[in-house]
Amino acid sequence: MQLTDIHDQAIQARMALIVGARTFHRLFAGVRFDKVDGDIPFVYAKDEDTAAKIEDEFALHISIIASKMLEREINIVMVFPRQLVS
């Protein structure tokens, strides 16, 4: 399932509420919530360090938000750096 721009922006907005402006701009600037395959959403961050930090610290938050928004079970969140996107 490809996420729409509205889904992407809605997840970003809710994450901004949770993490605050400073952390949001440091970690989530340029992040794209792209698609969901089964119960796994794919998120693309600006670089490898940011992707690892988002996955380690905020995967649970993202899964809860995405589950409610998409009305489906989300168990694992995969965060990749944009460099790996072909």
Side-chain angles (χ1 to χ4, degrees):
M1 167 187 186
Q2 190 70 33
L3 297 180
T4 66
D5 287 342
I6 294 171
H7 287 125
D8 175 43
Q9 293 167 358
I11 295 170
Q12 287 186 40
R14 294 215 177 156
M15 285 305 301
L17 286 172
I18 292 169
V19 303
R22 187 172 288 162
T23 301
F24 183 82
H25 288 294
R26 182 171 51 87
L27 293 177
F28 289 90
V31 166
R32 170 81 179 143
F33 296 90
D34 192 51
K35 63 183 174 182
V36 176
D37 186 9
D39 64 346
I40 303 171
F42 290 84
V43 181
Y44 297 100
K46 63 183 172 185
D47 58 38
E48 237 176 278
D49 291 335
T50 303
K53 208 169 264 243
I54 290 170
E55 193 168 308
D56 290 344
E57 297 178 22
F58 300 107
L60 178 61
H61 296 87
I62 293 168
S63 69
I64 292 167
I65 291 168
S67 290
K68 289 181 180 178
M69 194 165 298
L70 302 172
E71 298 178 344
R72 64 191 306 174
E73 188 70 27
I74 300 294
N75 293 313
I76 300 170
V77 177
M78 300 295 294
V79 185
F80 298 102
R82 287 191 185 263
Q83 301 97 302
L84 297 180
V85 179
S86 53

Transitive ILVMFWY cluster of Phe33 at side-chain heavy atoms under 4.5 Å: who else is in it?
-> Met1, Leu3, Ile11, Met15, Ile18, Val19, Phe24, Leu27, Phe28, Val31, Val36, Val43, Ile54, Phe58, Ile62, Ile65, Met69, Leu70, Ile74, Val77, Val79
Taking only residues two or more places apart in sequence, or in another chain, which ones meet Leu60 in a side-chain contact (heavy atoms from CB on, under 4.5 Å)?
-> Ser63, Ile64
Return each pair, listed once, that meets salt bridge (Lys or Arg N to Asp or Glu O under 4.0 Å) where at least one residue sits in residues 23-35; pairs must be two or more places apart or across chains.
-> Asp5-Arg32, Asp8-Arg32, Arg32-Asp34
Under the side-chain contact (heavy atoms from CB on, under 4.5 Å) rule, collect the residues that match up with Asp49, sequence neighbours excluded.
-> Asp47
On a heavy-atom basis, the closest approach of Ala51 and Pro81 is CB-N, 3.9 Å
How would you list all residue pairs meeting salt bridge (Lys or Arg N to Asp or Glu O under 4.0 Å) that involve residues 53-80, not counting sequence neighbours?
-> none
Non-neighbouring partners of Asn75 that pass side-chain hydrogen bond (donor to acceptor under 3.5 Å, both in side chains), sequence neighbours left out = Asp39
